[in-house]
Amino acid sequence: MPSAPERTGSPPDGRRQLALQKRPCRSRSESLRRISTRSSSSLSLLFTNRSPPRCYPSLPSAFHSPSRLYLSASLFVLFFLLPWIAVEWDSLPDGGWPRLCWIMKMAHLITNCTFSTTPAVKTFSRPPSSCHNVGQLQNSKSSNLSFKSSSRVQKKSYVTRASAAVQGQTQTPLTGSQQAHEHSSSKPKKVMVIGGDGYCGWATALHLSNKGYEVAIVDNLVRRLFDHQLGLDSLTPITSIQNRIRRWKSLTGKTIQLFIGDICDFEFLSEAFKSFEPDAAVHFGEQRSAPYSMIDRSRAVYTQHNNVIGTLNVLFAIKEYSQECHLVKLGTMGEYGTPNIDIEEGFITITHNGRTDTLPYPKQASSFYHLSKVHDSHNIAFTCKAWGIRATDLNQGVVYGVRTDETAMHEELYNRFDYDGVFGTALNRFCVQAAVGHPLTVYGKGGQTRGYLDIRDTVQCVELAIANPAKPGEFRVFNQFTEQFSVNELAKLVTAAGAKLGLEVQTKSVPNPRVEAEEHYYNAKHTKLIELGLVPHLLSDSLLDSLLNFAVQYKDRVDTAQIMPSVSWKKMGAKPRTVSV
């Protein structure tokens, strides 16, 4: 047997050992490239009659036998495929059989495809489905067995198509259902619902999970603590968040992850982002009651700190750990106030002294809560410009209703229904008052006009925003409501609906605890979500009948002492107080 040729250019053993000691550590991807490159070079020897390079010893003559194809395949699997699979296992198709089929495809590529070992190893959202056929392996002196992938990594379609829709191209915006179906062959889109135990957050988390999104809830459960502190309770009995999630899993087979903690604690929030790696973050996690923020100084400070610092932490978490994450922030129509001009969706074009510009719409907040939302909007707009964050600010109107398709599936999935003077919204409060025979409490003259929407439209709007994300660096504002009503108009609708059910409903004017215009012009634009595909559930007689029947069903749980307003904008002070009786 011929001896191996002398290795020219190789250092003596002593120097070689020193060189090995000084060799820097390699990254995982670099090590894989070196392994695959060396195995590729070794395999090339098996398909040629060339003498091996000087840096390798001669191969035994047995390697030139007809079994060399099987030997080469074994070397390929041993030195390239298995190490690659070990690193990238989680990115392969889910399930044992699809993964096995994919591995068999990769093994077959040695005779049908070429793979490049030069680029760093990347994670694919789905395995390559096609490759260039390079024909039969050649035996010429110039031939080398190389490995090059012919298919490039494709961007996720929910980013490509949705961005195109935002840019005004001709592609149809994706609904959430279409988006989830389109990615059924790859990993589902991950959505983190911050504040997912609350009124809007819980309904949204279930809706998105039901539509095929992978959902995680982040919540510190402080909303339940508020009830205990103030002596309040939901009209509907609500179970613990853990029982809610377990019941959802038993009914649907779908898992919702849960992170319990305070988003004002950046370390906690960072770990949640790093663990879940969201594609979108829906931010409901704020103290959402104007009256609560006006109880006393401590609640005003808490509201501003919780809302502003919490949102800042979310923005920093996106920047540091998930730069492609799309922030869907729940704002409020209350940011605008009640100007004597039409309210645009976020921005207004003005001409002043002969010059024209498009600027953020002026804000006229009417409570410390609304002021915190205004500051949130400014912070988000700034970070979009400075850091390239993509964000959608949903300025939501007053939400009514309690049931969605998902929360109606089981009593342990029921949503909360607030009717008190601190957290209850106008229409929900009126329905409960009518059910127990309490006069409807109209504040002042009752001309206060606002935008309203059904909670089923809340979850639909969030889904549309996720399916059609903002572009990097874009700060979008959508006015999220479907109809406008004055307080007097709502009272008349509830009175008429109650009469059909045999309820004698009365209305009385009570002193207005707020500082606000009681008669004013109000016309707010709300077209952008309609253009994305929102199909609204308008307030109808049948819906009012449903709400009233629901309130009648649980009227024994009503604490009438909590119906009248107990928080005054003008009388709030620095001394801590409670509104419980």
request  = Answer yes or no: is there a donor N or O on one side and an acceptor on the other, between the side chain of R514 and the main chain of P291, under 3.5 Å?
outcome  =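 Pair absent, no side-chain N/O of R514 close to backbone of P291.
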Donor-acceptor pair, side chain of N479 and main chain of E344, under 3.5 angstrom =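 It does hold such a pair.
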query = For V398, what residues pass the side chain to side chain contact (heavy atoms under 4.5 Å, CB included) criterion, not counting sequence neighbours?
reply =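 Expected list: T425, R450, Y452.
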Which atom pair, heavy atoms only, marks the closest approach of [X] to [Y]?
X: F284; Y: G195; answer: CB-O, 4.0 Å
X: S377; Y: F475; answer: O-CZ, 3.8 Å
X: P188; Y: D279; answer: O-OD2, 4.4 Å
X: G533; Y: L464; answer: C-CD1, 3.8 Å
X: P565; Y: P513; answer: CB-CG, 3.9 Å

In Å and rounded to the nearest 0.5 Å, what is the [atom1] to [atom2] distance from [X] to [Y]?
X: T338; Y: M333; atom1: OG1; atom2: CE; value: 11.5 Å
X: S486; Y: K445; atom1: OG; atom2: NZ; value: 13.5 Å
X: M294; Y: T303; atom1: CE; atom2: OG1; value: 10.0 Å
X: D454; Y: L538; atom1: CG; atom2: CG; value: 9.5 Å
X: D418; Y: T236; atom1: CG; atom2: OG1; value: 8.0 Å
X: I341; Y: Y521; atom1: CD1; atom2: OH; value: 9.0 Å

Neighbour count above 12 (heavy atom, 6.0 Å) for [X] [atom1]:
X: Q242; atom1: CD; result: yes
X: F347; atom1: CZ; result: yes
X: H305; atom1: NE2; result: no
X: H537; atom1: NE2; result: yes
X: F316; atom1: CZ; result: no
X: K363; atom1: NZ; result: yes
X: Q364; atom1: CD; result: yes

message = Please evaluate residues D227 and R224 with respect to the criterion salt bridge (charged side-chain N to carboxylate O under 4.0 Å, His left out), reporting the C-alpha separation (whole Å), side-chain torsions for both, the decisive distance (0.1 Å), and the verdict.
response = CA-CA 5 Å; D227 281 352; R224 297 171 184 258; over 6 Å; no
So do the side chains of [X] and [Y] get within less than 4.5 Å of each other, counting heavy atoms only?
X: T458; Y: Y199; result: no
X: F430; Y: V505; result: no
X: N306; Y: V222; result: no

Lys/Arg-Asp/Glu bridge criterion (N-O < 4.0 Å) met for [X], [Y]:
X: E271; Y: K274; answer: yes
X: E324; Y: R390; answer: yes
X: D233; Y: R557; answer: yes
X: K373; Y: E286; answer: yes
X: D376; Y: K329; answer: yes

inquiry  = Could you check, using the six-membered ring where one of them is a Trp, whether Y361 and Y336 have ring centers closer than 6.0 angstrom?
reply    =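 Yes.
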inquiry  = Using the salt bridge (Lys or Arg N to Asp or Glu O under 4.0 Å) definition, which of the options R244, R247, K249 pairs with E412?
reply    =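 By the salt bridge (Lys or Arg N to Asp or Glu O under 4.0 Å) criterion, E412 pairs with just one of R244, R247, K249: R247.
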message = So if I apply the side chain to side chain donor-acceptor pair (under 3.5 Å) rule between Q448 and each of H520, E518, E516, E519, which one comes out positive?
response =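 Among H520, E518, E516, E519, the one that satisfies the side chain to side chain donor-acceptor pair (under 3.5 Å) with Q448 is E516.
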ask   = How are the rings of F417 and F550 set to each other: parallel, tilted or perpendicular (split at 30° and 60°)?
value =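 Tilted: the ring planes of F417 and F550 meet at 30° to 60°.
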key: Parallel, tilted or perpendicular: rings of H526 and F481 (30°, 60°)   =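 Tilted, since the angle between the ring planes falls between 30° and 60°.
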key: Evaluation steps, side chain to side chain contact (heavy atoms under 4.5 Å, CB included), between I318 and T383   = CA-CA 10 Å; I318 291 175; T383 55; over 6 Å; no
request  = Quickly, which of V552, N549, L547 forms a side chain to side chain contact (heavy atoms under 4.5 Å, CB included) with C431? Name it, please.
outcome  =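 Only one option passes, and that is L547.
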